[in-house]
Colleague: 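First the structure, which I've put down as structure tokens, then a few questions once you've had a look.
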Amino acid sequence: MLERPENGGWRRFALPCSILLNLFLVAVIGGHLYSRYADHPRGKTMEARLLARVEATLAPPEAAAFKAVLSRDEPKFKEARKRLAAARTQLLREITADPYSKEGMATALRDWKTAWDGFAGAFAGTLVEALAQVSPEGRAKLVAEHWQRRFGIPAP
């Protein structure tokens, strides 16, 4: 018969430590691979991300009709998008400014909100028209995909 060591030995300590170290290394390697190869939306405009989701979710004819409306109306909201980008850049400058200015931050935030409201107002009609080109089933797919991607749950 085999006898157990009196104090439990180093094996009682080594196995749990080895398992924990392996799990940690798998997480580090997985995070590194994800950060290198995942499709991050950095550098893409809101419209580009929207079109990518539409093309991935809808049937090609519906996606093309949606895209045609956005392309047709782009001049309507192009300037508003530029103003929004400039306001966002100024807001980021104020956030990271040294010394920090409460007044500058408040002004930049107010300007960003005004620019966002202007863009949303200019883009709203285009979005309504683009969605009118999509079937009820296609719109349901877009909503379901959005909820799943954004919140990890089925659409309500």
Side-chain angles (χ1 to χ4, degrees), residues 17-156:
C17 287
S18 175
I19 291 171
L20 289 175
L21 181 61
N22 282 315
L23 289 173
F24 173 77
L25 291 175
V26 165
V28 168
I29 292 168
H32 175 72
L33 291 174
Y34 176 76
S35 70
R36 282 190 79 152
Y37 300 109
D39 183 26
H40 297 292
R42 289 183 217 119
K44 295 181 182 177
T45 64
M46 181 192 71
E47 296 93 70
R49 291 189 311 266
L50 174 63
L51 284 174
R53 282 195 304 269
V54 163
E55 289 173 348
T57 306
L58 297 179
E62 288 187 328
F66 189 97
K67 184 177 181 177
V69 172
L70 259 60
S71 297
R72 179 195 73 203
D73 289 357
E74 185 176 14
K76 290 181 183 178
F77 56 84
K78 189 175 186 177
E79 284 303 314
R81 182 178 58 215
K82 286 181 182 178
R83 286 191 296 274
L84 179 59
R88 183 180 325 124
T89 300
Q90 183 58 35
L91 180 63
L92 294 174
R93 274 193 210 114
E94 289 297 331
I95 290 171
T96 59
D98 188 23
Y100 179 79
S101 167
K102 287 182 183 180
E103 295 80 20
M105 180 62 190
T107 300
L109 193 55
R110 194 170 34 255
D111 292 347
W112 174 83
K113 183 185 179 307
T114 301
W116 171 255
D117 290 344
F119 174 76
F123 188 69
T126 298
L127 183 60
V128 168
E129 180 64 30
L131 286 170
Q133 306 302 312
V134 179
S135 68
E137 296 81 17
R139 291 192 306 270
K141 279 184 190 178
L142 284 172
V143 169
E145 187 274 337
H146 172 76
W147 277 82
Q148 181 62 40
R149 180 184 47 78
R150 183 84 182 223
F151 304 111
I153 58 173

Colleague: Do any pairs count as a side-chain hydrogen bond (donor to acceptor under 3.5 Å, both in side chains) and have a residue in residues 53-69, sequence neighbours left out, and if so which ones?
Modeller: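 For residues 53-69: E62-S135.
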
Colleague: Compare every heavy atom of A122 with every heavy atom of K76, then report the nearest pair and how far apart it is.
Modeller: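 That would be O-CB, 3.9 Å.
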
Colleague: Return the minimal non-hydrogen interatomic distance between A108 and E94, and the atom names on each side.
Modeller: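 Between these two residues, the closest heavy atoms are CB-CG, 3.6 Å.
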
Colleague: Rounded to the nearest 0.5 Å, how far does CG of L23 lie from CD1 of I19?
Modeller: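 Separation between the atoms: 7.5 Å.
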
Colleague: Mind checking the CG-CG spacing from L20 to L25? Nearest 0.5 Å is all I need.
Modeller: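 Going from CG on L20 over to CG on L25, the span is 11.0 Å.
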
Colleague: Is it the case that more than 12 heavy atoms not belonging to Y100 sit under 6.0 Å from its OH atom?
Modeller: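 Yes, enclosed.
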
Colleague: Which value, rounded to the nearest 0.5 Å, describes the distance between F66 atom CZ and T126 atom OG1?
Modeller: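 With rounding to 0.5 Å, CZ (F66) is 9.5 Å from OG1 (T126).
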
Colleague: Within a strict 4.5 Å, meaning less than it, do heavy atoms of the V134 and V54 side chains meet?
Modeller: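 When only atoms from C-beta onward are counted, V54 and V134 do not touch, as no gap falls below 4.5 Å.
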
Colleague: Of all residues at least two apart in sequence or in a different chain, which pass the side-chain hydrogen bond (donor to acceptor under 3.5 Å, both in side chains) check with E74?
Modeller: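 R81.
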
Colleague: Mind checking salt bridge (charged side-chain N to carboxylate O under 4.0 Å, His left out) for E79 and listing every partner two or more places apart, or none if nothing turns up?
Modeller: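 By the salt bridge (charged side-chain N to carboxylate O under 4.0 Å, His left out) rule, E79 matches K82.
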
Colleague: Taking the side chain as everything from C-beta on, heavy atoms only, tell me whether W112 gets closer than 4.5 Å to L84.
Modeller: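 SC-SC contact between W112 and L84 confirmed.
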
Colleague: Could you grab the distance from atom CG of L142 to atom CG of L58, nearest 0.5 Å is fine?
Modeller: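 Answer for the CG-CG pair, L142 versus L58, is 4.5 Å.
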
Colleague: Applying ring pair (Phe, Tyr, Trp, His ring centres under 6.0 Å), can you list everything that pairs with F123, at least two apart in sequence or on another chain?
Modeller: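 F123 satisfies ring pair (Phe, Tyr, Trp, His ring centres under 6.0 Å) with F77, F119 once adjacent residues are dropped.
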
Colleague: Quick one: which residue pairs count as a salt bridge (charged side-chain N to carboxylate O under 4.0 Å, His left out) with a foot in residues 104-130, not counting sequence neighbours?
Modeller: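 Sorted pair list: K113-D117.
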
Colleague: May I have all residue pairs that pass salt bridge (charged side-chain N to carboxylate O under 4.0 Å, His left out) and include part of residues 83-93, sequence neighbours excluded?
Modeller: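 Not a single pair qualifies under salt bridge (charged side-chain N to carboxylate O under 4.0 Å, His left out).
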
